Each structure stands twice: as structure tokens, then as C-alpha cells.
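Data block below; observations after.
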Amino acid sequence: MTVETSAAAPQGRSNRYLKAGLALTAAALATSALGFLYTPYSPTQVDLVHRLARPTLDHLFGTDRFGRDVLSRVLAGGWRSLTLGFGATGLGLAIGLPVALATGYFRGAVDQIVMRFVDALLSIPTLVFALLIIVGLGPGQLQAILALGVASSPKFVRIVRSAVLAAADEDYVTAAKARGEHALYIQYGELLPNVWPPIIVEASINVGFALMGGAALSYLGLGTQPPFADWGVMINEAQQYISVSFWPLLGPALAICLSIVGFNLFGEGLRDRLHLKASLRDV
Amino acid sequence: MSEPIIEIEDLTVSFFAGGQRYPALKDLAVTLHESETVGLVGESGSGKSTALFAIMNYLPANAVVESGAIRYRGRNLLNADRRTLDGIRGRRLAMVYQDPGTALNPALTVGRQIAEVLERHLGLDERRARERTLELLRTVELDEPERTYAAYPHQLSGGMRQRAVIAMALSCEPDVLLMDEPTTALDVIVQAKVLELVRALRRKVRAAILFVSHDLGAVAEIADRIGVLYAGELMELGPAERILRHSRNPYTRGLIAAVPRIAGRAELHGIPGTASREPTRFSRCVFAERCEFAAELCRTARPPFAAVSAAPHRSRCHFATDPALFAARPLHAIAKSADAADSHRPPVLLEVAALSVDYRRSGGFLSFGKRGVVRAVREVSFQLPQERVLAIVGESGSGKSTIARTILRLEAKVGGRVLFRGEDVFALDAARLRRFRRNAQIVFQNPTSSLNPKKTVLELVGRPLRLDGTSAQERRERVRAVLDSVGLGDGFLERYPQQLSGGEKQRIALARAFVTEPQLVILDEPTTSLDVSVQATIIELLLAQKQHLRCAYLFISHNLAVVRQVADEVIVMRGGAVQEAGPAARIYEAPAHPYTQALLAAVPPLPLPAEV
């Protein structure tokens, strides 16, 4: 048993963040899961009589320009937005992790060259980077995932590599080399388990970011294509009629905001709880 | 005796974490008089730093002083207001920290830092402050005070920095100097010189000194009185001579028996087990579970801190005044025992011939002008026969660890050869290299760093066997057997390193090295990060395992007393080159090289205890 001497104050904050983040994240996941099973109306059912209606008991979030029920569309579109968030983050990790482990473990000239390249990529704002890629790939949901995933990978390289660098100085790595372990085992068997904390934190924050990026791409017409709807597409459609009625905007905007806030709070809370240093974004 | 300057009265401190209360210090009572040096000795977790920080009122935010008082000339510092404290702290009470590297501001010259204290606290003008600073630098025996005045901290050696820190602490002519392990971060020779300085200061300044250390030898060198702390409890307090030679406390006696001595090889006696951290430990004797004299009474009642003789000598032990008990088990085996005289020389296992290794200061790919090559090891040659122990002794930066890493091909050499059983280690093919890696193991100084925190003991110790393709069933059996041989039971198999104490972790690291039954084990400062009582048990274990496995050790250490206990042959290194080499008995009894003589002279000679 050891006596922890860390001050108690941030613990309370991290707990509040974690709880709020978990609740919002769970709500976002539940919302999109519910969308598969049940929606009050068909998300594509057109009702030209009740176009751009205010919220009523029949339509809790009102209706859009074709009279479609906004709540049903928020529920049904959720999984597309979340898939974007998780997919892009997963892809970013899949690219970033191996690069970070290899450069952090081997160091030397290759590390220097790769990292200068990564620094160059990091100088481009992630969303602009994603836009550049999607211009090459063409619009679509899958393309948006690819673009956002590739665009967020340099960030993962940076953060994971610094954790790897610290861990690689530990004697258990030298001991593994002295045992004649394969370099891949040392990277994935010895180092990776010790760099998970910053990865999880960064990933959860990145899900929130990719949600927003995905919504932005969809809003620009480069992500999910109509008639399929995700929250970004809905915001795009709704904003054209914002001077007539802002109600259709409210549902998807709330859904996306709360999800992003949720993933961010979860990540921040986790970071405080795990006593990690600030992530790249705070620097 | 004169009026006490500092009186610590029944000080009890607890830490709070996660809603739990962890008592750290219980009823500590010590007084400090003018011109007196009191040494507080304790192993990790003994509460010695907590006591110091309580005096300075620098306890962390989650610490609470539950009861007691700390009086400075009669005034209780614990309920003093901020302004009173500011007038006392730093001016009347000055602190010297363990690490002189972080105690000085790297952006200011040493002289400026000290002069600034004088200008601010004593209101001296610039010229007077400078004069006084130079005087202080002379007091701490720094050569060329003018040059030191103008130097930045990084331009000074560790020992000079510590002297500068002491000079700064002395600047306001404090009544009390609090020293927190001031010699621990220093090399042996420098350590001896700083101790000499502390001793000299007692004559030059009138300040009382409270010297806190884990090193009984260092404390014995300078203290008038010694207090022994264990698990938050003051176990014994009395004149140094009484404590060191006539101790009436089983823990103190255990500690004395555990200190390796440079005078000769002796059977070391470690104290089994680890210090209790249980919050309820103060309702009984805190040492009961490790004590060889423990009786039922010790497990149920807290011993009083009772006087044991006419001299102010107190001990917290139910049996402190029962001389029969201590006489029945005298402090044995501290007397010198002969080195194993052995003319028979077994065949050579490891041969290092004219080995040279460079240390490349890597500046990175785009850094200019910072790159440099330093020769870390220069043409070092030695032979290690089978089943023998060769020790490489040297201060930090002597290249001794680099040799260890190079032998295992973890570092590239620039010249020379490493032969293991006649085969050139650097020319082995893949299969032979694999066999070499089973046959030559390494154990590091810091067991926390050498064990992956995310793996269980079974995974950690079993991993070398897994590389050989041993089945899971057999692995488990062999890990169990090797854990048993290092004194750990089955209960450890599924534990993670953070659930273990430092000594247990080092045993796990040793088990991992022994599990492949190697012929060579390289031990790189294997006991340096451990408490003295634990260090002795690890040395006992190492010697037993050597008999059992019939392996050879390459033992790397800066601690000459520890090396004395294990080594057959000794190499003394400095600046990457061998200064002297020979049989241990010859090196210790008739050192030929001046550097070896200086090293040996620097080890504090702990007085032998008198039998009670």
C-alpha cells in the first residue's frame, strides 16, 4: 500500500468531468442505437402540409422543409455521424500508432525525418487537411472517414511518440533487448501497454473532433450524401431556411454539440484522473 | 546544557488520500541545542522527511499535524502566523536539500544568488553583500571563491554546488541548519569531503544541525546524538556513541548488523520483511513483525519510550532494559572473517580485452555543432573465471555501466573484444547469440524501472523461458521454483510490480535473471536503490544463489563496502580507464593506486558495536 500525496482538488473536477462526459457519451450512443429500432415516424416520410413546423407534441423537434419529423431524422442519422467519429479516430490510430511506436523505439535519423514530416502536416489545420484529401477522393461518407482519419493521424503520432520515448528509456526495455526480444515484440508487447493512457484520452477527444469535422464535411456537401441524413447534412439543409424557421436546426445541432462536449469531457476527465500532461491541443 | 533552540514535542502527522488517513509520524520528540548536531536515521517510509518538512512548515496540502508542537526558542511554529514564520524560516532556520542541482537557480551566478539573499534579508548594500558572500564561500571551503562567485551552477561540480547551497543556507547566520540527505546525491569522495565540511561548520558557526539521512555511516561521522526512526516511530534516541555501540533497540541493532563494512568480509544480517505501513500499527510495536525478540506483548501493546540508562538514552522497546535478552543474541559476525583463500583458478568464462566504447552525444539530425564523441571506456581488459565474482568499482561517469551494456551487445564498441566461453560475442550468429542471451543475464539498479508495470510476476519471470518455447505448464513450475529460491512464495505469481515493495521487486528482477540458469549474471548496482536492511538480505540471497547455480557475477557498484562482501576480484575504474585491478583482499588491504586509496579513505568507518 502506498500513500498517495497528490492533492485532492483536481480529483473532484475530474470526477465531475468523467461523469458528465460518460452520461453524454452514453446518451449519444443510446440515441443512435435507438434509431435502428424505433423512430416515431419514418425519417423519410414527407408531409408537405406540415413543413417547417414548430415543435408540438406530435413532432418534438418540429419538422423540416419537406415536413419530415426532425426527431426521427436525428435518431436515424445518429449512427452515421458516430460512425464518422469512431471510424476516423480508429483509422487515425491505425496509422499513427505503428509510426509512433517505431519512431519512438528506434529513434535516430529515420525518426528525425519522419517527425519533421509529421510537424509539417501538423502545421496544416486538421479540417483543412481533411478537405484537401476529400477533394482528391470525391464526396461520400467513406471518403469523409478516410480524410478525417488520415488528417488526424499526425496528432496521434506526436502524442503517442512522446509517451513511447519516455517509456523506451525504462530498464525493462533494455532488459527485453538483453533477452534478445524481437523489436516488434518490444514495441507492441512491452511499450504499447504502457502508453495506453494518453492514447485513450486523445482518442476520446478526437472522436468529438471527428464528429464535428464530419458534420462540417457533410454540411459542405462532401460527406454523407442525401437522401441519407446525418446530423451534419441536416444542419446544412436546415440552415437554408433559417430565416423562415430555426426549429429544424435545433435537433441536429443539439445532438452534435452535446456529443462533442460529451466526448471532450470524458477525455479531459480521464486525463486528469490518469494524471497525464496536457494534450497537444492545450499547448 | 544550554537552552534548546528547537523542541519537537510529541509530533504526530498524518496524510489524507482518497478519504483514508495514513499516519506518517507518531509522537516524535527531539530537541536541538546550540552547536549540537543531531542525526536522524531512517529507511524509506520512516517519516524522517515528514519531520523535516513539518519543522519548515512545508508539509504538502494533504498532510495534517494531528497533535504536538514544534517550538523555536519557545515559540510554537505550528500556530504561528505567516509573518512570524517568514521571519524565522530561511533566516533562523535554513534548509539544505538533497539535490544541489535543483536547489540553485540555473540562470543566475552562484554569487548573485547568495548576495541577493543578503541584500533582501539583511539589507546589505551591493558591495557589502559581495564581500560577505565571498566570506561565506570561503567558510564552506570553496577554492577560488571569486571564480565560484561568478560561475553559473552548471559550471560547478556536484560537490561544489552542494557547498554553494550550504553557503546560501548559512548566509543569514541561522540558528538551525536542517539537512535533508545532503550527501546522498554525491559520489563517495565528494560525500566524505562534504561530511568533513559539516563537521568543521560546527566549530565555525554556532548553528545547531539536524542531519537527516538513511546512511548510518554518514550520520555516525558527524552526529553528537542520533535518533533512529522506523515506520513513523522514534525507536531510539541517545548520544551517538551509545546508539552505535550499546544500542538497546532490536531495530537499531538490526540496522547496524545490516550495514556492510569495508573492514572485511562478514556475514551480513538483513532484517526480513518490510516496514509496516498499516494505519493501525501504532497500537503495538511497529517493528514487532520483523523483530527476532518479539513476544506477545509486542503485538498487543505499544512500548513506552523509556530511558535505558543514566545518560539521556531512550529506546522504544518493551525489553529495552532487559540486558539478558540482548546478551543472548549479541551482534554477531561483524568481526572480520577471512577471505576465501583459493589458489585454484577455474577456467575463464568472460574475457574482455582492450575494450573501447564511445558515447555519442546525439544532437539529432538537424542539430549543428552539438555533436560530440566521448570515449566512455578506454582499453579495458579483464577476465572473469567461472563461478567467481568480479566487481567493477567506480564513481558516476567512470564507464562501469557502459562496460556491462557493451558485454551484452546493447552498446556498440569501437575497439577490443568480448569473449564469452572463448567465443567473440560480437561475431555470434543468430542461434549462438540466442544461446548467449540465455547464458548471460543482467539485473539493473532500479527494480521499478526494470519490471514492466503492466505484466504479472508470472509473465515477467516466465518470459525468458517463453522465448525458449517452454510450455505454459512447465513455465509455471519453473517460475514457482525460482521464486521460491529468491524467498518469494506462490502468492506473488499473479501480482503486478506496483503491489510489491522495493526489495520484493528486486527479488523478482533477480528471479527473472536466474530462471534460465545462466552462467553469467551482470549485476549493475543491484542494491543501490534499496534500504540498508533490505540490501543485506539481497546480498545474502546473491551469495546463496551463486553457490546454488554455480554462476559467475560481474558486480558493478560504487559502494565499496558492499563490494567487499561479495567480490573475489576488484577493478577500480575512473574516467573510463582501469586504475587498479587485483584480488579483493589485496585491493582493500594494500591499495596501490592513489585513487583507490582516496576511495577507500572516503568510506565512513562505522564503529564496531561493543557487546552489551
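Here the structure is a predicted model, which means the values were calculated and not measured. Just so we're on the same page: letters track the sequence lines, and every chain starts at 1.
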Q. Is there a donor-acceptor contact under 3.5 Å from the side chain of Ser449(B) to the main chain of Asp171(A)?
A. yes
(Q) Please tell me whether Asn194(A) and Asn452(B) have a donor and an acceptor in their side chains that are separated by less than 3.5 angstrom. (A) yes
Q: Pick one of side chain, backbone, both or neither for Arg512(B), based on which atoms fall under 4.5 Å of a heavy atom in chain A.
A: side chain
Q | Side chain, backbone, both or neither of Leu467(B) within contact of chain A (heavy atoms, under 4.5 Å) | A | side chain
Q: Output the distance between atom NZ (Lys454(B)) and atom CD (Glu190(A)), rounded to the nearest 0.5 Å.
A: 13.0 Å
Q) Looking only at heavy atoms, what is the nearest atom pair of Tyr172(A) and Ser450(B), with distance? A) CB-O, 3.4 Å
Q | Rounded distance [0.5 Å steps], CD in Glu181(A) versus CZ in Arg463(B) | A | 4.0 Å
Q: Give a yes or no on this: more than 12 heavy atoms of other residues, nucleotides or ligands lie within 6.0 Å of atom CZ of Phe117(A).
A: no
Q. Which residue out of Gly189(A), Ala167(A), Ala176(A) racks up the most heavy-atom pairs below 4.5 Å with chain B?
A. Gly189(A)
Q. When rounded to the nearest 0.5 angstrom, what is the spacing between CG in Leu408(B) and NZ in Lys177(A)?
A. 12.5 Å
**Q.** chain A contacts, top residue of Ala440(B), Ala509(B), Pro453(B) (heavy-atom pairs, under 4.5 Å)
**A.** Pro453(B)
Q) Going from CZ on Arg179(A) to CD1 on Ile442(B), what distance comes out if it is rounded to the nearest 0.5 angstrom? A) 12.5 Å
